[in-house]
Asks: 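If you scroll down you'll find the structure; I have some questions about it.
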Number of protein chains: 2
Amino acid sequence: MNKDKLFEVLAEPNRRRMLDYLRFRERTVGELVALSSLSQPGVSKHLRILREANLVSVRKEAQNHLYRLNAEPLQEIADWFEPYRQFWSSKLDDLENALDEERE
Amino acid sequence: MNKDKLFEVLAEPNRRRMLDYLRFRERTVGELVALSSLSQPGVSKHLRILREANLVSVRKEAQNHLYRLNAEPLQEIADWFEPYRQFWSSKLDDLENALDEERE
DNA sequence: AAATTATATTACTTTTCGGTTATATTTCTG
DNA sequence: CAGAAATATAACCGAAAAGTAATATAATTT
């Protein structure tokens, strides 16, 4: 799965919320429906997209489909932000320097 | 600017690429057009969206509009990924533990 | 002042997305 | 085995997105 696609998948707030729920434990589709404001097919549609992005896996237990988070692909996206960190940390440095100067 | 909107703004690859270019220095619209595969209006349209998301600022110098990165809002987005880091670092821990056991 | 350069905005088109309802599929239960 | 429960898929729709060509605006140069 490439980075562009992953960004797109994560752009949808319902999908991010689902991943957030899955951080704590596996969830059935029904549980995720209850936690969302969407219809069951709406949730299933998003789950399919998450599956195709390899952000979740499923395991069947009777009629229940248990979805589990797979966070690994998120790493790639998080990496995109790395080069930008220096900007906000350098802002902090500026502030520190300013304070240092005041103290002198 | 709220998180949902920011995610959406960043979902567009051309916009991310523009931000990447702006990491190094200010750029005029013309330069960004040259660096992209889009028409000038296309670039201007994306720049407007980046402006409205407060991810860039502009300063005019004669007919040139110089765009500059403002990375601060990215921090909020990067934060979303924090709770997920434990997943990939715990994977690493698992690997380490496995290796440790092998050594014993 | 006219022509040129740099950028923004408008108007329009095509495509994609997210949502819904209806339906199919699978498994459990009485 | 019939009905219920859980989920997925299909078909459809409206709204939004991204792109372009044409045009407006502003500053520059000759």
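Keep in mind it's a predicted model, so treat the numbers as computed, not measured. Atoms considered below: every heavy atom in the structure, side chains included; atoms not considered: hydrogens, waters and symmetry mates. Chain letters run A, B, ... following the sequence lines, proteins first, then strands; residues in each count from 1.
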Asks: Within this structure, what is the CG-to-P distance between L10(B) and dA17(D), rounded to whole angstrom?
Replies: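 About 14 Å, once rounded to whole Å.
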Asks: Return whichever of A62(B) or S37(B) has its heavy-atom-nearest nucleotide of DNA chain D closer to the 5' end.
Replies: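 It is S37(B) whose nearest nucleotide is closer to the 5' end.
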Asks: Would you tell me if any nitrogen or oxygen in the side chain of Y67(B) comes within less than 4.0 Å of OP1 or OP2 on dA6(C)?
Replies: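 Checking Y67(B) against dA6(C): no side-chain N or O falls below 4.0 Å of OP1 or OP2.
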Asks: To the nearest Å, how far apart are D4(B) CG and dA16(D) P?
Replies: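 After rounding, the reported distance stands at 15 Å.
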Asks: Any donor-acceptor pair under 3.5 Å between the side chain of Q40(A) and the base of dA6(D)?
Replies: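 Under the 3.5 Å cut-off, the side chain and the base do not form any donor-acceptor pair.
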Asks: By nearest atom, which of the nucleotides dT7(C), dT20(D), dT9(D) is closest to the V29(B) side chain?
Replies: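 Of dT7(C), dT20(D), dT9(D), dT7(C) is nearest to the side chain of V29(B).
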Asks: Applying a 4.0 Å non-hydrogen cut-off, can you work out what E31(B) is touching in the nucleic acid: base, sugar-phosphate, or nothing?
Replies: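 Nothing, no heavy atom under 4.0 Å.
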Asks: Find the distance L32(B):CG to dA8(C):C1' and express it as a whole number of Å.
Replies: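 Rounded to the whole Å, the gap is 14 Å.
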Asks: Within this structure, what is the CG-to-C1' distance between L47(A) and dG18(C), rounded to whole angstrom?
Replies: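 In whole Å, dG18(C) C1' and L47(A) CG are 14 Å from each other.
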Asks: Could you tell me whether R23(B) sits above the aromatic face of Y84(A), with NZ or CZ closer than 6.0 angstrom to the six-membered ring centre and within 45 degrees of the axis?
Replies: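 That pair qualifies as a cation-pi contact.
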Asks: Report which part of the nucleic acid E61(B) touches: base, sugar-phosphate, or nothing (heavy-atom distance under 4.0 Å, all strands).
Replies: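 Answer is nothing: E61(B) stays at 4.0 Å or more from every strand.
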Asks: Once you apply a heavy-atom cut-off of 4.0 Å, does K60(A) come out as touching a base, just sugar-phosphate, or nothing?
Replies: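 The answer is nothing, as K60(A) stays clear of every strand by at least 4.0 Å.
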Asks: Look at the side chain of E12(A) and decide which nucleotide, out of dA27(D), dT21(C), dG19(C), has an atom nearest to it.
Replies: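 That would be dG19(C).
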Asks: Looking only at side-chain N and O atoms, does S44(A) come under 4.0 Å of OP1 or OP2 in dT7(D)?
Replies: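 For dT7(D), OP1/OP2 do not have a side-chain N/O of S44(A) under 4.0 Å.
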Asks: On DNA chain C, nearest-nucleotide positions of G42(B) versus P41(A): which is more 5'?
Replies: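 First, find each residue's nearest nucleotide; the 5'-ward one identifies G42(B).
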Asks: Using distance alone, with no hydrogens and no angle criterion, decide if Y67(B) and R59(B) have a side-chain donor and acceptor under 3.5 Å apart.
Replies: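 Note: Y67(B) and R59(B) side chains miss the donor-acceptor criterion.
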Asks: Identify the heavy atoms of V56(B) and L22(B) that sit nearest to each other, and give their distance.
Replies: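 That closest heavy-atom pairing would be CG1-CD1, 3.6 Å.
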Asks: Do any N or O atoms from the side chain of N64(A) and from the backbone of L66(A) form a donor-acceptor pair under 3.5 angstrom?
Replies: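 Answer holds: no.
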Asks: Whole angstrom is fine here: how far is it from CG in L50(A) over to C1' in dG18(C)?
Replies: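 Nearest whole value for this atom pair: 14 Å.
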Asks: N14(A) CG to dG18(C) C1': how many Å, rounded?
Replies: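 These atoms are roughly 9 Å apart.
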Asks: Give a yes/no answer on whether the side chain of N64(A) brings an N or O atom under 4.0 Å of OP1 or OP2 in dC28(C).
Replies: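 No, no such contact exists.
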Asks: Atom CD of E52(A) and atom C1' of dG18(C): how far apart are they, to the nearest Å?
Replies: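 So the CD-C1' distance, E52(A) to dG18(C), works out to 15 Å.
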Asks: Taking it one step at a time, do R68(A) and V58(A) satisfy side-chain contact (heavy atoms from CB on, under 4.5 Å)?
Replies: CA-CA 6 Å; R68(A) 168 192 290 276; V58(A) 215; over 6 Å; no
Asks: Could you check whether G30(B) gets within reach of a base, just the sugar-phosphate, or nothing at all, counting any heavy atom under 4.0 Å?
Replies: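 Answer is sugar-phosphate: G30(B) comes under 4.0 Å of backbone atoms only.
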Asks: I want to check a possible cation-pi pair here: R16(B) against F7(A), using under 6.0 Å from ring centre and within 45° of the ring axis as the test.
Replies: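 Ring-cation test returns yes.
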Asks: Using a cut-off of strictly less than 4.0 Å, decide whether H46(B) has a side-chain nitrogen or oxygen near OP1 or OP2 of dA18(D).
Replies: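 No, H46(B) has no side-chain N/O under 4.0 Å of OP1/OP2 on dA18(D).
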Asks: Would you say R15(A) places a side-chain N or O within less than 4.0 Å of OP1 or OP2 belonging to dG18(C)?
Replies: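 Looking at the OP1 and OP2 atoms of dG18(C), one of them is under 4.0 Å from a side-chain N or O of R15(A).
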Asks: Check every atom of dG19(D), dT28(D), dT27(C) against the side chain of Q63(A) and return the nucleotide holding the closest atom.
Replies: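 The answer is dT27(C).
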Asks: Rounded to whole angstroms, how far apart are CZ on R16(B) and P on dA18(D)?
Replies: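 Taking atom P of dA18(D) as the reference, CZ of R16(B) is at 11 Å.
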Asks: According to a strict under-4.0 Å criterion, is R48(B) in side-chain N/O contact with OP1 or OP2 of dA8(C)?
Replies: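 Looking at the OP1 and OP2 atoms of dA8(C), neither is under 4.0 Å from any side-chain N or O of R48(B).
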Asks: To the side chain of K45(B), which of dT20(D), dA17(D), dA8(D) is closest?
Replies: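 Of dT20(D), dA17(D), dA8(D), dT20(D) is nearest to the side chain of K45(B).
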